[in-house]
Amino acid sequence: MRTKPARVMYDFAAEPGNNELTVNEGEIITITNPDVGGGWLEGRNIKGERGLVPTDYVEILPSDGKDQFSCGNSVADQAFLDSLSASTAQASSSAASNNHQVGSGNDPWSAWSASKSGNWESSEGWGAQPEGAGAQRNTNTPNNWDTAFGHPQAYQGPATGDDDDWDEDWDGPKSSSYFKDSESADAGGSQRGNSRASSSSMKIPLNKFPGFAKPGTEQYLLAKQLAKPKEKIPIIVGDYGPMWVYPTSTFDCVVADPRKGSKMYGLKSYIEYQLTPTNTNRSVNHRYKHFDWLYERLLVKFGSAIPIPSLPDKQVTGRFEEEFIKMRMERLQAWMTRMCRHPVISESEVFQQFLNFRDEKEWKTGKRKAEKDELAGVMIFSTMEPEAPDLDLVEIEQKCEAVGKFTKAMDDGVKELLTVGQEHWKRCTGPLPKEYQKIGKALQSLATVFSSSGYQGETDLNDAITEAGKTYEEIASLVAEQPKKDLHFLMECNHEYKGFLGCFPDIIGTHKGAIEKVKESDKLVATSKITPQDKQNMVKRVSTMSYALQAEMNHFHSNRIYDYNSVIRLYLEQQVQFYETIAEKLRQALSRFPVM
């Protein structure tokens, strides 16, 4: 087969164990097999390394090996120039990134204004196993219990490929098995984003996602006439103020039965989960990238009004190991339960379609329909109908400030508890058990010394001291295991809320931007840029936005109260049981000592 040169258009990081080849933008590679199938080709780099590369990531060069823009340079010369150019661009980008970080820090609230998005990262965590994130989802997480939420409002593109890549989910031949029967991939850290670039995040124009590429609140506030959407999101006034209308019956979704599947004759592997809504009991199967797609659609459509927390992060290596699969499934379950509990999200067409599609055709049709949805971003407010009088601008601004103040304070409190919890976890699984073990060994050593005295009357004492030492060794094991029984759930709950709270700077920024536009409306009317009727419409629409914010906060508060009541009760119950167990063991050790 005749080989062809090709220029790499986008960075691609290979997944270990998948016969892929890592390539960088601007690199020249040789195509050894252009039609592997499933949107992949086989290539060889200048070092002689061979592997699979996404077809859409490369551009085939003329057969003479010259780029049409290379001005006669050879492929090798052009590759050198391109790599030099790429290095320079990367250095400039890195410097700009560093300057930005120095200027703004990593706090989403540092950019808390109408014109800025909360671009942030965080790396709090607990436990001992590694798990990471990438790009927008942080890369420096030191443990397996913390999926650091990068900015959840930042669009990151579908997890893999375009429609063609998605369609191959339905192509054969495939094989699947329970993950416990499969061979584990190489163990290692998990990196997302920076370790694997998505073609869609680089290729798909942002205007395909109207909610992300929105020009601003003007799109909603200054629209001459809002279309009458088929979908309506009513807002009523209840005992605690504006609230969403909750469905008459609620449901959850059980995430279970992870299976390892493969495609491309076993060259690529993945984990597929079974989802079973409790209201239908009919199961559908989804891969992680499908969850990622749902997250992005919900974020694009509802993110201006409703906080959509990030998913647990994608892992490159070790992702077929049982412990990782168990942890990811637990977090996907928590995420799906959150979405099911939200009265707007759970009833939305895209969410229902994700859970209830019946075949390939229905899935593809629903997927493409969701991606073309124009009622997204700020335009989601056009679907909302408050059953209440319009608010004046002063009250709207006060409500917005109150939400901002509370969510910022709660964000600080949640992060503090995560930090303290992480320190306590490390102490309980490290130094503290070792101290108890030292006490136990020291007591047993003392009993051994006493036994060497030859004195006949101290056998009972020596046996009691030995048992006391063993008791302290048992306590050491109890201390090391206890965080998994109580602190784990408290930390997970806090981590979920950290994800929620990280969404609010953008949401509040959208509302503040709308308020500022209304404040400027008098000048616009005076200069005949808008009519008095336009101004009246702006006030009405920003009032709708305020009602939506209040309704969402009432939902947030009701869930917060329920969640923290449940998780702290569980923590205290487990702590009581833990200390009672230790007290009982100490009482038993004490009972062995002779009474003098």
Side-chain angles (χ1 to χ4, degrees), residues 106-108 120-133 137-150 189-190 309-310 312-313 323-324 326-328 330-331 333-334 408-442 471-502 560-586:
N106 292 330
D107 189 348
W120 66 297
E121 295 179 351
S122 179
S123 59
E124 293 89 344
W126 55 95
Q129 298 95 335
E131 179 190 9
R137 298 174 191 174
N138 195 1
T139 60
N140 298 320
T141 309
N143 56 73
N144 205 23
W145 291 118
D146 183 20
T147 307
F149 289 89
S190 56
S310 294
D313 292 278
E323 187 62 30
F324 171 75
K326 179 181 177 182
M327 183 223 24
R328 170 178 278 182
E330 177 184 343
R331 288 185 163 179
Q333 176 66 75
K408 174 63 173 71
M410 183 176 173
D411 186 63
D412 292 339
V414 163
K415 288 178 179 176
E416 181 181 6
L417 186 53
L418 284 172
T419 300
V420 172
Q422 178 188 3
E423 294 171 353
H424 183 61
W425 187 297
K426 290 180 178 178
R427 191 163 171 267
C428 286
T429 55
L432 197 55
K434 290 179 181 178
E435 291 300 318
Y436 283 111
Q437 288 174 348
K438 288 179 181 178
I439 294 173
K441 291 185 183 302
T471 296
Y472 274 93
E473 288 181 332
E474 293 175 3
I475 291 174
S477 298
L478 290 174
V479 169
E481 291 297 318
Q482 188 59 27
K484 296 178 183 178
K485 299 178 180 179
D486 50 30
L487 185 58
H488 164 67
F489 300 102
L490 181 60
M491 297 290 273
E492 285 290 296
C493 181
N494 270 273
H495 199 68
E496 280 191 74
Y497 273 90
K498 188 180 78 169
F500 275 115
L501 294 163
R560 172 181 58 83
I561 292 168
Y562 174 84
D563 291 335
Y564 277 93
N565 179 68
S566 299
V567 76
I568 294 178
R569 278 183 60 90
L570 174 64
Y571 179 78
L572 294 176
E573 288 168 357
Q574 290 295 319
Q575 284 280 289
V576 168
Q577 185 176 336
F578 168 65
Y579 284 110
E580 285 179 345
T581 301
I582 291 178
E584 180 59 29
K585 287 186 174 295
L586 292 174

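In this structure, Gln574 CD and His488 NE2 are separated by 12.0 Å, a value rounded to the nearest 0.5 Å. In this structure, CG in Leu572 is found 13.0 Å from CD in Gln577, a value given to the nearest 0.5 Å. Between atom CG of residue Leu570 and atom CG of residue Asn565 there is a gap of 11.0 Å, rounded to the nearest 0.5 Å. Atoms CZ and SG, from Phe578 and Cys428 in turn, are 7.0 Å apart once rounded to the nearest 0.5 Å. Here the straight-line distance linking atom NZ of Lys415 with atom CG of Leu417 works out to 13.5 Å at 0.5 Å rounding.
Partners of Arg560 by side chain to side chain donor-acceptor pair (under 3.5 Å), not counting sequence neighbours, listed by chain and number: His557. For Glu584, the side chain to side chain donor-acceptor pair (under 3.5 Å) partners at least two apart in sequence or on another chain are Arg587, Gln588. Legend: residues meeting side chain to side chain contact (heavy atoms under 4.5 Å, CB included) with Lys441, ordered by chain and number and at least two apart, are Glu473. In this structure, the side chain to side chain donor-acceptor pair (under 3.5 Å) partners of Gln575, at least two apart in sequence or on a different chain, are Asp486. Residues passing the side chain to side chain contact (heavy atoms under 4.5 Å, CB included) test with Leu586, sequence neighbours excluded: Thr471, Tyr472, Ile475, Ile582. With sequence neighbours excluded, the residues satisfying side chain to side chain donor-acceptor pair (under 3.5 Å) with Tyr564 are Asn494.
For the pairing with His424, the side chain to side chain contact (heavy atoms under 4.5 Å, CB included) check across Leu487, Thr419, Thr429 returns one residue only, Leu487.
Contact check for Cys493 versus Tyr497: side-chain heavy atoms found under the 4.5 Å cut-off. Counting heavy atoms from C-beta outward, Tyr436 and Leu478 have side chains that stay 4.5 Å or more apart.
Closest approach of Pro309 and Phe500 over heavy atoms only: CD-CE2, 3.6 Å. Smallest separation of non-hydrogen atoms from Gly421 and Met491: C-CE, 3.5 Å.
Using a 4.0 Å cut-off between charged side-chain N and carboxylate O, Glu573 and Arg569 make a salt bridge.
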